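Read the structure below first, then the notes.
No experiment lies behind these values; they were computed from the predicted model shown. Throughout, protein chains are lettered first and strands after them, A, B, ... in sequence-line order, and every chain is numbered starting at 1.
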2 protein chains.
Amino acid sequence: MGKSYLDLVNECDRFPYYEDNPALYLEHLKNYHIFKVTGCDAALGYILNSTVERFFSLSECWAVDSANRTVTLVTPADATFEQRSELVAKSLGKAVELGTFDILKGWRNEMYPVYGPGGKLLLEMERSATPLFGVVSYGVHSTCYVEDENGLRIWVPRRSRTKQTYPGMLDNSVAGGMSTTEHPFECLVREAMEEASLPEDVVRANATAAGCVTYTYVRSSKAGGETDLVQPEVEYVFDIKVGADIIPKPCDTEVEEFKLYTVEETKAAMANGEFKTNCAVVLIDFFIRHGILTPENEPDYLEIIARVHRRFEFPTASHVTE
Amino acid sequence: MGKSYLDLVNECDRFPYYEDNPALYLEHLKNYHIFKVTGCDAALGYILNSTVERFFSLSECWAVDSANRTVTLVTPADATFEQRSELVAKSLGKAVELGTFDILKGWRNEMYPVYGPGGKLLLEMERSATPLFGVVSYGVHSTCYVEDENGLRIWVPRRSRTKQTYPGMLDNSVAGGMSTTEHPFECLVREAMEEASLPEDVVRANATAAGCVTYTYVRSSKAGGETDLVQPEVEYVFDIKVGADIIPKPCDTEVEEFKLYTVEETKAAMANGEFKTNCAVVLIDFFIRHGILTPENEPDYLEIIARVHRRFEFPTASHVTE
């Protein structure tokens, strides 16, 4: 008996919901401190208590309020984006030196944005550190597919067996994280070339924005590094419909191979747990939008749709607009 | 300055969210009693306090618990679907006799289902009464469109000026409520013929399930009858792509005329507030899935997507499976 689509969603969207059980939810929140910055009232992320204990006592720029369970990045009231980012970077540098966190061994040298209310860009931080702060991270995931007299088939890459996270698992056709200054479509164009050797003109002519999936992942051992860190994610979803003559190919070392899967083959690999956790969710959204999963054939249709479009308790923004 | 897409969503999804302000949310809940039935622990809907006062004291089958703010339909422990439905029907009959509620003047003679956890069909009740109980109601909304060398154009009906609710406003190409025994696709086929004279074979060949929108409407005066009643709704969304030779025509008296709108004309009518509240939301979802609204051109993209896929605090099911 393979995994149901709801099982796959449950593996990805793992943080509890208030409405399911208010008492349990509030009890669960006690495992975290809320990440804040001076001058901004909004909660920006959930920091696991064990992270608070191991990290924030090391540096003076962090104010821990145990009663209200907040950790505030303390800055002058008129601090700039650069100043906040610099303070975070220094603390992270120290943590790396001391080897405080396993997750920072996956240092990426990519900067991710943290937004306040109204799309205000508050700061940026190293990608691998975002789960320590539990802040929202952003990426693009796209499904490249062929639809012709042979039916609908999906280009499925296998992740390199040497990749740090989810080695050897199946992935979405093109996927990648969005760094601070990127916009979703331009990120897609870049990743499509880097990961799938898809030429820019093919992507620009054939890719269509189709919404996003949002969920709150809680890191398991499969993700590498510390477990139980909170990772709210926005993945912008794009469909890339191509002719059978367009063949994605590995370009960098991240992908081992691409294969064209029928819908049935894709479903079987999903049920078998072969896809990276959030990639299965992106395919579920694709199946729903394309009428492959329907209210008639999928008993958890309504729960799945609501769960993969989670509304976060943190501010979000699509890209830097300033 | 016309309405933004987020303005339109705000007019439709009107119930507060816990995560925005827990204290305000909990304060707001004090305006309601929770609807329950004997033997089922789940909350089934929110009943406005003024409804509780005016109605439930009239009949013995309702137990009001003011401390816990619940209203329970009291039945024997082994009550059947038919018994529960009969008790509700009798109470509603009495309320109609006494003229207790304006909203029941819109009596439809259509029965809507109320589900418990696990898709269990608990009871059915007259459609026009569902907002009194604040239970989830279900419908189908579809966008019939032409996409050719002239671009994408949408078939937009204008509601009859004599219609009880939202007279003269613009609507989705085909839309209607799902009664207890209906399945979404069969409901679509029926409504497409009744409202748009679209032949069954055209619908079966061209309609694609594309997800759903879910939101919690709170009735305004435009909806007719009592205001502030809570109405959580699931609208199954279907796209019907047709050739320019397929022309929907009014069939019953509900629709005045159909016109083919360009995307720009549709957007202008939306900004102008010409569409029925939830129909604007269905079009926003269509625009997002078809790459017309994108993360780059719509500043509220993320908030809109999460809001129109609201996860309810009540059990839901797509259709009767027993």
Side-chain angles (χ1 to χ4, degrees), chain A residues 13 17-20 22 25-26 43 115 118-119 136 138 140 178 183-188 207-214 234 236-239 285 287-319 321, chain B residues 13 17-20 22 25-26 43 115 118-119 136 138 140 178 183-188 207-214 234 236-239 285 287-319 321:
Chain A
D13 183 50
Y17 284 81
Y18 174 80
E19 63 264 24
D20 284 340
Y25 175 85
L26 295 173
Y115 295 98
V136 179
Y138 302 82
V140 299
M178 268 171 64
H183 288 211
F185 195 83
E186 297 310 314
C187 178
L188 175 73
T208 309
C212 64
V213 295
T214 49
V234 172
Y236 294 99
V237 166
F238 293 87
D239 288 353
D285 173 69
F287 285 173
I288 288 167
R289 290 185 292 101
H290 288 265
I292 295 166
L293 292 184
T294 70
E296 282 82 5
N297 70 20
E298 173 47 53
D300 302 308
Y301 196 73
L302 295 173
E303 170 72 356
I304 288 171
I305 291 173
R307 291 282 297 285
V308 305
H309 297 103
R310 183 168 190 143
R311 187 164 181 265
F312 297 132
E313 43 281 75
F314 313 117
T316 55
S318 292
H319 48 75
T321 52
Chain B
D13 183 49
Y17 284 81
Y18 174 80
E19 64 263 24
D20 284 339
Y25 175 85
L26 295 172
Y115 295 99
V136 179
Y138 301 83
V140 299
M178 268 172 65
H183 288 211
F185 195 83
E186 297 310 315
C187 177
L188 175 73
T208 309
C212 64
V213 295
T214 49
V234 172
Y236 294 99
V237 166
F238 293 87
D239 288 352
D285 173 69
F287 285 173
I288 288 167
R289 289 185 294 100
H290 289 265
I292 295 167
L293 293 185
T294 70
E296 282 82 5
N297 70 21
E298 173 47 53
D300 301 309
Y301 195 73
L302 295 172
E303 170 72 356
I304 287 171
I305 291 172
R307 291 281 297 285
V308 306
H309 297 104
R310 183 167 190 145
R311 187 164 180 266
F312 297 132
E313 42 282 74
F314 313 117
T316 55
S318 291
H319 48 76
T321 51

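Heavy atoms of B:Phe312 lying under 4.5 Å from chain A belong exclusively to its backbone. Using a 4.5 Å cut-off between heavy atoms, B:Arg289 touches chain A through backbone and side chain atoms alike. Contacts of A:Phe185 with chain B are made by both backbone and side-chain atoms, with heavy-atom separations under 4.5 Å. With a 4.5 Å cut-off on non-hydrogen atoms, A:Ala207 does not touch chain B at all. Interface residue A:His290: only backbone heavy atoms are found under 4.5 Å from chain B.
With hydrogens and angles ignored, the 3.5 Å screen pairs no side-chain donor or acceptor of B:Asp13 with any backbone N or O of B:Thr214. Not one N or O on the side chain of B:Asp300 forms a donor-acceptor pair closer than 3.5 Å with the backbone of B:Ile305.
Residues passing the side chain to side chain donor-acceptor pair (under 3.5 Å) test with B:Tyr236 are B:Ser318, sequence neighbours excluded.
Of the listed residues (B:Arg311, B:His309, B:His183, B:Glu313), the one with the most heavy-atom contacts under 4.5 Å to chain A is B:Arg311. The choice from B:Thr208, B:Val234, B:Thr294, B:Asp20 that makes the most heavy-atom pairs within less than 4.5 Å of chain A is B:Asp20. Of the listed residues (A:Asp239, A:Ile292, A:Ile288), the one with the most heavy-atom contacts under 4.5 Å to chain B is A:Ile288. Contact count versus chain B (heavy atoms, under 4.5 Å) is highest, among A:Ala306, A:Pro299, A:Ala317, for A:Ala306. Of the listed residues A:Pro295, A:Pro22, A:Ala43, A:Gly291, the one with more heavy-atom pairs under 4.5 angstrom with chain B than any other is A:Pro295.
The shortest non-hydrogen separation linking A:Thr316 to A:Tyr138 is CA-OH, 3.2 Å.
B:Arg307 forms no cation-pi arrangement with B:Tyr17, by the criterion of a distance under 6.0 Å to the ring centre and an angle within 45° of the ring axis.
Taking the six-membered ring for Trp and thresholds of 30 and 60 degrees, B:Tyr18 and B:Tyr25 have ring planes more than 60 degrees apart, a perpendicular arrangement.
Side chains of A:Val237 and A:Asp285 form a contact here, defined as non-hydrogen atoms less than 4.5 Å apart.
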